[in-house]
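Have a look at the structure below, then the notes.
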Amino acid sequence: MKIAVPNKGRVYEPTIDLLEKAGLHVLDKGKRKLFAETSDPSVELLFARTGDIPEYIQDGAAEVGITSLDFIRETEVDVEVLMDLEYGKAEMVLAAPEDSEIELTDDITDDMKIVTEFPSVSSNFFEKKGVSPEIIEVSGATEMTPQVGIADAIIDLTSTGTTLRMNRLEIIEKVMDTSVHLISNKDALEDSKEKIFEVKRALESVIRGEKKKYVMMNAPKDKLDEIKEKLPGLSGPTIMRVESNNGMKAVHVVVDESKIYKLINDLKEIGAQDILVTSIDRIVP
Ligand SMILES: Nc1ncnc2c1ncn2[C@@H]1O[C@H](COP(=O)(O)OP(=O)(O)OP(=O)(O)O)[C@@H](O)[C@H]1O
Ligand SMILES: O=P(O)(O)OC[C@H]1O[C@H](OP(=O)(O)OP(=O)(O)O)[C@H](O)[C@@H]1O
Ligand SMILES: [Mg+2]
């Protein structure tokens, strides 16, 4: 089975990271290679431009692909979107010069020019708004086009907002949220269902693991109930004997990474000792 993955750009490294963590080690990942083997002899990687991957999957060049939702929507492909991989997060926005008359999407008129790398998503956006400005496609540096007078507004991706600010542009409206997704060819989903779901399960387990921490501590026996009340746990805490200290129990639990900060303080206050927090590579329920 082939998985199409980005060959460069900002989602290349996190994608390779994810595959590695999922146990699909990439063998001989020399630059500028089209294919790479993985530690699973039945899985091969096909490196392609992030924006080309949706079409590769639709046409069956690879059974499974990892690419961003913006390109999946832009190419309007007929593929199965299997899961949100939750990285490469950004917003696609309509933005206009800070000093322009455009304050709302309603201020956009048919005689205006919109520059974007996403003409199809942009047309659909304006169609829903009942307006049809001229859409001009570029392949990068969208944010500078209003300054050179070829755009009244732009539709582009942003995450930190730095590029928009640097070019004195303000967000008028969000067009869509985007992040990297796992997609598959529709026929392949029937023919190689098992294998595709095996890959999906592996990736899912990494994403699940990233949201959790494994916490270990020693707890005085008489504080156990109080401590247990603080611990949600994946399936309740595991309590073990501490050989060297009869008055203590070892408590192990999996908790939400977002709750760690407060939890550690609470546990300490109740009397837990020797608290260890470690990350989790994968969770397979
Ligand atoms: N500012 C951003 N923050 C987060 N994710 C982003 C941002 N800009 C783009 N992305 C995501 O990364 C994807 C690919 O972007 P990127 O520009 O790095 O790759 P590329 O376009 O394939 O490479 P290149 O920059 O060489 O054209 C986009 O489709 C988008 O989903
Ligand atoms: O909100 P910000 O954090 O400033 O990010 C926004 C910028 O990031 C992307 O470009 P990228 O860095 O991928 O460069 P590229 O245009 O060369 O692809 C996007 O096209 C914006 O220009
Ligand atoms: Mg780019």
Side-chain angles (χ1 to χ4, degrees), residues 3-19 26 29-36 45-58 61-62 64-77 79 81-98 113-125 135-148 150-184 203 207 210:
I3 308 178
V5 298
N7 62 350
K8 62 182 188 111
R10 63 165 78 213
V11 292
Y12 167 76
E13 272 186 30
T15 301
I16 300 296
D17 268 7
L18 173 64
L19 293 171
V26 186
K29 52 176 172 250
K31 280 267 142 110
R32 309 220 161 264
K33 284 198 62 181
L34 186 56
F35 295 105
L45 301 185
L46 163 62
F47 292 103
R49 291 292 299 268
T50 314
D52 292 338
I53 291 176
E55 267 143 3
Y56 278 31
I57 300 308
Q58 174 176 260
V64 177
I66 296 180
T67 184
S68 54
L69 190 63
D70 44 291
F71 284 133
I72 299 167
R73 293 287 172 258
E74 177 59 27
T75 48
E76 299 183 328
V77 285
V79 298
V81 178
L82 295 178
M83 71 178 291
D84 185 353
L85 298 173
E86 301 181 30
Y87 61 91
K89 287 187 185 174
E91 289 182 358
M92 195 188 293
V93 298
L94 170 65
E98 284 164 6
K113 294 189 174 78
I114 311 292
V115 167
T116 184
E117 286 180 56
F118 305 94
S120 175
V121 174
S122 299
S123 302
N124 291 336
F125 173 77
I135 310 284
I136 300 171
E137 183 177 1
V138 293
S139 60
T142 314
E143 293 94 341
M144 47 121 358
T145 58
Q147 289 163 55
V148 297
I150 64 166
D152 295 289
I154 63 162
I155 287 188
D156 200 12
L157 295 169
T158 175
S159 51
T160 65
T162 312
T163 315
L164 291 177
R165 264 194 307 277
M166 265 169 32
N167 289 284
R168 304 188 142 278
L169 297 167
E170 60 180 353
I171 295 177
I172 306 297
E173 189 174 335
K174 178 161 84 179
V175 175
M176 67 177 284
D177 285 304
T178 181
S179 57
V180 173
H181 279 61
L182 182 72
I183 58 175
S184 94
L203 301 183
I207 293 165
E210 278 170 351

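Ligands are counted one by one from 1 in listed order, and the atoms in each one are counted from 1 as well. What you see below is based on every heavy atom in this structure, not just the backbone, and it leaves out hydrogens, waters and symmetry mates.
Residue-level proximity to ligand 1 for Arg49 is carried by the side chain, the only part with a heavy atom below 4.0 angstrom.
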TODO: Give the C-alpha distance, both sets of side-chain angles, the deciding distance and a yes or no for side chain to side chain contact (heavy atoms under 4.5 Å, CB included) between Ile171 and Leu164.
DONE: CA-CA 8 Å; Ile171 295 177; Leu164 291 177; 3.7 Å; yes
Open item on the list: As a quick check of understanding, evaluate side chain to side chain contact (heavy atoms under 4.5 Å, CB included) for Glu117 and Leu157, giving each step before the final call.
Closed with: CA-CA 9 Å; Glu117 286 180 56; Leu157 295 169; over 6 Å; no
TODO: Decide side chain to side chain contact (heavy atoms under 4.5 Å, CB included) for Leu85 and Ile66; before the verdict, give the C-alpha distance in whole Å, the side-chain angles of both, and the deciding distance to 0.1 Å.
DONE: CA-CA 9 Å; Leu85 298 173; Ile66 296 180; 3.8 Å; yes
- [ ] Given side chain to side chain contact (heavy atoms under 4.5 Å, CB included), test Thr178 with Glu91 step by step and report yes or no.
- [x] CA-CA 6 Å; Thr178 181; Glu91 289 182 358; over 6 Å; no
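The shortest non-hydrogen separation linking Leu94 to Val175 is N-CG2, 3.8 Å.
Near Leu157, meaning under 4.0 Å from one of its heavy atoms, ligand 2 places the atoms 6 (C), 19 (C), 21 (C). Ligand-side atoms of ligand 1 in range of Lys8: 26 (O), range being under 4.0 angstrom from any heavy atom. Set against the non-hydrogen atoms of Gly9, the atoms of ligand 1 under 4.0 Å away are 18 (O), 19 (O), 23 (O). Near Thr162, the atoms of ligand 2 lying under 4.0 angstrom from a non-hydrogen atom of the residue are 1 (O), 4 (O). Remark: ligand 2 atoms within the under-4.0 Å shell around heavy atoms of Arg10 are 8 (O), 9 (C), 10 (O), 11 (P), 12 (O), 13 (O). Within ligand 1, counting atoms from 1 as listed, the ones closer than 4.0 Å to a heavy atom of Gly88 are 5 (N). Within ligand 1, the atoms closer than 4.0 Å to a non-hydrogen atom of Val11 are 12 (O), numbered from 1 in the order shown. Each of the atoms 22 (O) of ligand 1 lies under 4.0 Å from some heavy atom of Thr50. Atoms of ligand 2 found under 4.0 Å from any heavy atom of Glu143, numbered from 1 in the order shown, are 21 (C), 22 (O). Close approach of ligand 1 to Ala90 is summarised as follows: ligand atoms under 4.0 Å from at least one heavy atom of the residue are 3 (N), 4 (C), 5 (N), 6 (C). Taking a cut-off of under 4.0 Å to the non-hydrogen atoms of Phe71, the atoms of ligand 1 that pass are 29 (O). Atoms of ligand 1 found under 4.0 Å from any heavy atom of Ser159 (numbered from 1 in listed order, with element): 1 (N), 2 (C), 3 (N), 4 (C).
Among Ile3, Asn7, Leu34, the single residue meeting the side chain to side chain contact (heavy atoms under 4.5 Å, CB included) criterion with Leu46 is Leu34.
Close N/O approach between Asp70 and ligand 1 is found [any backbone or side-chain N/O within under 3.5 Å]. Residue-to-ligand polar distances keep Leu164 apart from ligand 2: every N/O pair is separated by 3.5 Å or more.
The closest approach between a heavy atom of Gly51 and any atom of ligand 1 is not below 4.0 Å. Under the 4.0 angstrom criterion for non-hydrogen atoms, Ser159 is in contact with ligand 2.
For residues 46-55, the set of pairs meeting the side chain to side chain donor-acceptor pair (under 3.5 Å) definition, not counting sequence neighbours, is empty.
Within the set Ile53, Asp156, Asp52, Leu157, the minimum heavy-atom distance to atom 30 (C) of ligand 1 is found for Leu157.
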For residues 137-147, tabulate all N or O donor-acceptor pairs below 3.5 Å that involve a side-chain atom, not counting sequence neighbours.
{"from": "Thr145", "atom 1": "OG1", "to": "Thr142", "atom 2": "O", "distance (Å)": "2.7"}
{"from": "Gln147", "atom 1": "NE2", "to": "Asn167", "atom 2": "OD1", "distance (Å)": "2.8"}

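Residues Thr67 and Tyr56 bring no donor and acceptor atom of their side chains to less than 3.5 Å of each other.
For the pair Leu19 and Val5, the minimum side-chain heavy-atom distance is below 4.5 Å.
Without hydrogens or angle criteria, Ser179 side chain to Glu86 main chain gives no donor-acceptor distance under 3.5 Å.
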